[in-house]
**Q** 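Quick one: this structure, given as structure tokens, is what I'll be asking you about.
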Amino acid sequence: MAIRKQHEDNRPDRKMLWFLGAAIVVFFLLWVLFAPGRGFFQYLQLKKDIATLTEENSRLEARNTELTEDINRLRSDDKYLEEVARKKHGLLKKNETVFEFETPKKKKE
């Protein structure tokens with residue numbers, strides 16, 4: 001009978017040990033999910049940010065390529081340089097006069 005009592009006394013300790021182990025596992029899983037600055041949700045947010053920044057980087061590289069081509073063209077192509085100077089900056093050649101005509105406004109009847 002003494003052996004049986006020791007075995008029965010051991011059961012509540014085992015239950016407590018299992019409960020404590022389960023509580024530790026649940027706490028660890030919650031920590032992994034919600035840890036400030038390191039949790040799974042933070043990981044997902046950082047992954048989303050990386051995708052956004054990669055897309056923006058690609059867009060900026062394309063724009064940089066366009067501007068580099070434009071600069072090279074301005075340096076080498078005199079006709080293009082003249083066209084840009086006239087359209088964007090309103091420059092004129094020597095002895096050139098500009099006539100601006102207003103379109104007639106329609107009268108309301």
**Q** Between CZ of Phe41 and CG of Leu46, what distance do you get to the nearest 0.5 Å?
**A**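 Reported to 0.5 Å precision, the distance equals 13.5 Å.
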**Q** Could you grab the distance from atom CD of Glu66 to atom OG1 of Thr68, nearest 0.5 Å is fine?
**A**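 One finds 10.0 Å between CD of Glu66 and OG1 of Thr68.
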**Q** Measure the CG-CD distance between Leu91 and Glu96 for me, rounded to the nearest 0.5 Å.
**A**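 Result: 10.5 Å between the selected atoms.
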**Q** Does OH in Tyr43 sit with more than 12 non-hydrogen atoms of other residues, nucleotides or ligands closer than 6.0 Å?
**A**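 No, the 6.0 Å shell around OH holds no more than 12 heavy atoms from other groups.
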**Q** How long is the straight-line distance from OG1 of Thr52 back to CG of Asn57, given to the nearest 0.5 Å?
**A**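 Output value for this atom pair is 12.5 Å.
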**Q** Output, in order, the C-alpha distance, side-chain angles, deciding distance and verdict of salt bridge (charged side-chain N to carboxylate O under 4.0 Å, His left out) for Glu69 and Arg73.
**A** CA-CA 6 Å; Glu69 290 173 0; Arg73 193 167 173 201; over 6 Å; no
**Q** Rounded to the nearest 0.5 Å, how far apart are CG of Leu53 and CG of Leu60?
**A**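 So the gap between those two atoms works out to 10.0 Å.
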**Q** Given Val84, which of Lys88, Arg86, Lys87, Glu82 fulfils the side chain to side chain contact (heavy atoms under 4.5 Å, CB included) condition?
**A**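 Option passing the side chain to side chain contact (heavy atoms under 4.5 Å, CB included) with Val84: Lys88.
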**Q** Can you confirm whether Val26 sits close enough to Leu30 that some side-chain heavy atom of one is under 4.5 Å from a side-chain heavy atom of the other?
**A**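 Yes, at least one pair of side-chain atoms sits under 4.5 Å.
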**Q** Is the closest side-chain heavy-atom distance between Arg59 and Arg63 below 4.5 Å?
**A**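 Heavy-atom side-chain distance check fails, nothing below 4.5 Å.
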**Q** Quick one: CG on Asp70 to OG1 on Thr65, what's the gap to the nearest 0.5 Å?
**A**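 Rounded to the nearest 0.5 Å, the CG-OG1 separation comes to 12.5 Å.
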**Q** May I ask you to check whether over 12 heavy atoms, not counting those of Glu55, lie within 6.0 Å of atom CD?
**A**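 Open: at most 12 neighbouring heavy atoms sit under 6.0 Å from CD of Glu55.
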